[in-house]
Amino acid sequence: MDTLYSTKSEIVKRYNPIDPKAHKGTQGHALIVAGSYGKMGAAALSSKACLKSGCGLVTAFVPKCGYEILQISNPEVMTITDEQEKFISNITFDIKPQAIAIGPGLGQEMITQNALHQFLKNNTVPLILDADALNILSSKKEWLSLLQSKTILTPHPKELERLIGKWNSDEEKFDKTIAFSKQHDVIIVMKGAPTFIIDGAVIYENSTGNSALATAGSGDVLTGIITSLVAQAYQPINASILGVYLHGLTADVALPETGHHAFIASDIINYLGKAFLTLENEK
Ligand SMILES: NC(=O)C1=CN([C@@H]2O[C@H](COP(=O)(O)OP(=O)(O)OC[C@H]3O[C@@H](n4cnc5c(N)ncnc54)[C@H](OP(=O)(O)O)[C@@H]3O)[C@@H](O)[C@H]2O)[C@@H](O)CC1
Ligand SMILES: Nc1ncnc2c1ncn2[C@@H]1O[C@H](COP(=O)(O)OP(=O)(O)O)[C@@H](O)[C@H]1O
Ligand SMILES: [Mg+2]
């Protein structure tokens, strides 16, 4: 099994500094479809991380109960709401995003499952699927054929197991994940310590991050970062590799200042600036 290691010099090659003539309209518009009653934090974290990774415009699509939560917690993020109070039931919008994330805090209500199905049948926008979007697909595997080429899936180990079934060894885990990636032509961000990014037979091993990331919402933030990069026109594989690297780097940079225990998902967002600067200084 050949694995490519994401060294800093490899990452810098994939990183594009922002054009001095850029404006919010050229920096991409991302849509984050997330949240349900009691899990609106996932939508807030994901959409803030998206904005703090350079995306020009970010819109959150949330159930009605999330409207004020999103508008107050993230004034820079625009918010549109579903007609249902507590769950998403119909993913329709009149904006033209360049990347869409679905899943953080979404829940798996039947009405939400149907909304995801209808959305996948019609969608042509580059997509990032996380959390409950993956759990729904695990229970409706026939919908996987609706995914466009190079859709990005970001499962943690339990979500991966739901998607590909149990494994008895690391080798089997990789074999099954590679087979899944090839069969559905999707990129799999296999989250863990470390995270591996799998694109067919090609495996990239991330080189940043530490156990400070073992905290609620850490994956929701990663989804926002990767979605931001896709909206800024990074190829899905480059957005995945660079996003995972920057996510881990925030924790490495923060550690001497915060320690492991006090570091929370919002700190990943707080340290994104310093993480990006380390790449800019190398360019
Ligand atoms: N503030 C908010 O609004 C937040 C909202 N959130 C939202 O909540 C929803 C449910 O998401 P979730 O991931 O908590 O539930 P679930 O899929 O059952 O997985 C949990 C089980 O998976 C396993 N496991 C996980 N990681 C592992 C690892 N590295 N290594 C090994 N095993 C690992 C572990 O299983 P165990 O080891 O206990 O058998 C664990 O018990 C989802 O929509 C999410 O976005 C959260 O993001 C939090 C913040
Ligand atoms: N010990 C660790 N070392 C490095 N990264 C970790 C560690 N623990 C968790 N992470 C990272 O934190 C993120 C957790 O994602 P996830 O489980 O989806 O969180 P949540 O659903 O709470 O947002 C992943 O990117 C994972 O790689
Ligand atoms: Mg998660």
Side-chain angles (χ1 to χ4, degrees), residues 6 32-50 53 60 62-63 65-66 69-70 73-74 86-88 101-109 112-113 116 128-139 152-164 166-167 170 173 177 188-198 204-227 239-255 259-261 263-269 271-272 275:
S6 66
I32 308 284
V33 181
S36 57
Y37 184 79
K39 299 265 174 68
M40 213 51 73
L45 288 166
S46 202
S47 50
K48 186 164 185 181
C50 188
S53 302
V62 294
C65 69
I69 297 168
L70 259 292
S73 62
N74 288 331
K86 295 187 175 178
F87 307 104
I88 285 171
I102 308 186
L106 195 67
Q108 298 177 59
E109 292 290 313
T112 308
Q113 298 200 14
L116 179 64
I128 295 85
L129 297 176
D130 183 31
D132 291 319
L134 300 176
N135 295 329
I136 293 171
L137 284 175
S138 295
S139 66
I152 301 169
L153 277 51
T154 61
H156 64 46
K158 200 78 178 178
E159 290 157 348
L160 183 66
E161 185 188 298
R162 293 176 188 131
L163 275 174
I164 67 169
K166 284 189 189 302
W167 52 82
D170 258 8
K173 176 170 75 171
T177 308
I188 303 186
V189 174
M190 204 168 94
K191 294 189 296 198
T195 290
F196 293 89
I197 295 117
I198 293 182
Y204 301 88
E205 179 178 350
N206 186 49
S207 60
T208 57
N210 60 67
S211 60
L213 293 168
T215 182
S218 184
D220 304 331
V221 168
L222 177 65
T223 296
I225 298 171
I226 295 175
T227 306
S240 302
I241 294 169
L242 183 56
V244 169
Y245 182 91
L246 286 163
H247 179 260
L249 190 55
T250 63
D252 294 342
V253 173
L255 205 59
H260 287 86
H261 298 74
F263 185 89
I264 57 173
S266 295
D267 291 315
I268 306 175
I269 299 173
Y271 278 87
L272 273 167

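The basis for the numbers below is simple: all heavy atoms, side chains too, and nothing from hydrogens, waters or symmetry mates. Order of listing sets the numbers, starting from 1, for every ligand and every atom in it.
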(request) Look only at the side chain of T250 and the backbone of Y271, and say whether a donor-acceptor pair between them is shorter than 3.5 Å. (result) no

(message) My question is simple, although I want it checked carefully: is atom 11 (O) of ligand 1 less than 4.0 angstrom from any protein heavy atom?
(response) no

(request) Please write down residue, atom name and distance for the protein heavy atom closest to atom 15 (O) of ligand 1. (result) H156 NE2, 4.3 Å

(request) Could you find the nearest protein heavy atom to atom 12 (O) of ligand 2 and give me its residue, atom name and distance? (result) S218 OG, 3.0 Å

(request) Could you list which atoms of ligand 1 come closer than 4.0 Å to a heavy atom of P104? (result) 45 (O)

(message) Would G217 count as a polar contact of ligand 2, with the cut-off being nitrogen or oxygen pairs under 3.5 Å?
(response) yes

(request) Could you tell me whether ligand 1 has any atom less than 4.0 Å away from a heavy atom of G192? (result) no

(message) Is it the case that ligand 1 has an N or O less than 3.5 angstrom from some N or O of A216?
(response) no

(request) Would you indicate which of T223, L213, T215 comes nearest to atom 10 (N) of ligand 2 when only heavy atoms are counted? (result) L213

(request) Please indicate, with yes or no, if any protein heavy atom is found under 4.0 Å from atom 18 (O) of ligand 1? (result) yes

(request) Note the single closest protein heavy atom to atom 24 (C) of ligand 2, along with its residue, its atom name and the distance in Å. (result) K191 CD, 3.6 Å

(message) Please work out, at 4.0 Å between heavy atoms, whether the side chain, the backbone, both, or neither of T195 comes within that distance of ligand 2.
(response) side chain

(request) Return yes if some donor-acceptor pair links the side-chain N/O of E159 with the main-chain N/O of N135 below 3.5 Å, else return no. (result) no

(request) Return yes if some donor-acceptor pair links the side-chain N/O of S138 with the main-chain N/O of L134 below 3.5 Å, else return no. (result) yes

(message) Which residue and atom name correspond to the protein heavy atom nearest atom 23 (C) of ligand 1, and how close is it?
(response) K158 CB, 3.5 Å

(message) Heavy atoms only, cut-off 4.0 Å: how does E159 contact ligand 2, side chain, backbone, both, or neither?
(response) neither

(message) I'd like to know if the side chain of S218 and the backbone of A265 have a donor-acceptor N/O pair within less than 3.5 Å.
(response) no

(message) List ligand 1 atoms under 4.0 Å from G41, heavy atoms only on the residue side.
(response) 3 (O)

(message) I need the nearest protein heavy-atom contact for atom 4 (C) of ligand 2: residue, atom name and distance, please.
(response) N210 O, 3.4 Å

(request) Run the numbers for me: atoms of ligand 1, each under 4.0 Å from some heavy atom of G217, listed by number. (result) 48 (C), 49 (C)

(message) Quick test of your reading of the structure: of P157, P194, A193, G103, whose heavy atom lies closest to atom 3 (N) of ligand 2?
(response) A193

(message) Please state which option from V189, V244, L45, D220 has its nearest heavy atom closest to atom 21 (O) of ligand 2.
(response) D220

(message) If the contact criterion is a heavy-atom separation under 4.0 Å, does A131 count as touching ligand 2?
(response) no

(message) As a test of understanding, state which of V33, L106, I136 forms a side-chain contact (heavy atoms from CB on, under 4.5 Å) with L116.
(response) I136

(message) Measuring only between side-chain heavy atoms, which start at C-beta, is D132 closer than 4.5 Å to K39?
(response) no

(request) Note the single closest protein heavy atom to atom 43 (O) of ligand 1, along with its residue, its atom name and the distance in Å. (result) D132 OD2, 2.6 Å

(request) Spell out, as yes or no, whether a donor-acceptor pair under 3.5 Å connects the side chain of N206 to the backbone of F196. (result) no

(request) Specify the protein heavy atom at minimum distance from atom 17 (O) of ligand 2: its residue, its atom name, and the distance to 0.1 Å. (result) H156 CD2, 3.3 Å

(message) Which option wins on minimum heavy-atom distance to atom 29 (N) of ligand 1: A42, A43, P157?
(response) P157

(request) Scan the protein's non-hydrogen atoms and note whether one is under 4.0 Å from atom 40 (C) of ligand 1. (result) no

(request) Compute the minimum heavy-atom distance from R162 to ligand 1 and say whether it is under 4.0 Å. (result) yes

(request) Give a yes or no on whether atom 36 (P) of ligand 1 lies under 4.0 Å from any heavy atom of the protein. (result) no

(message) For the backbone of K86 and the side chain of S36, can you confirm whether one donor and one acceptor N or O come within less than 3.5 Å of each other?
(response) no

(request) Under the side chain to side chain donor-acceptor pair (under 3.5 Å) rule, what do S46 and D220 come out as? Steps first, then yes or no, please. (result) CA-CA 5 Å; S46 202; D220 304 331; over 6 Å; no

(request) Establish whether atom 47 (O) of ligand 1 and some protein heavy atom are separated by less than 4.0 angstrom. (result) yes

(message) For atom 5 (N) of ligand 2, tell me which residue out of G192, G209, G219, S211 has the closest non-hydrogen atom.
(response) G192

(request) Could you pull out, from M40, K39, E159, the option with a heavy atom nearest to atom 8 (O) of ligand 1? (result) K39

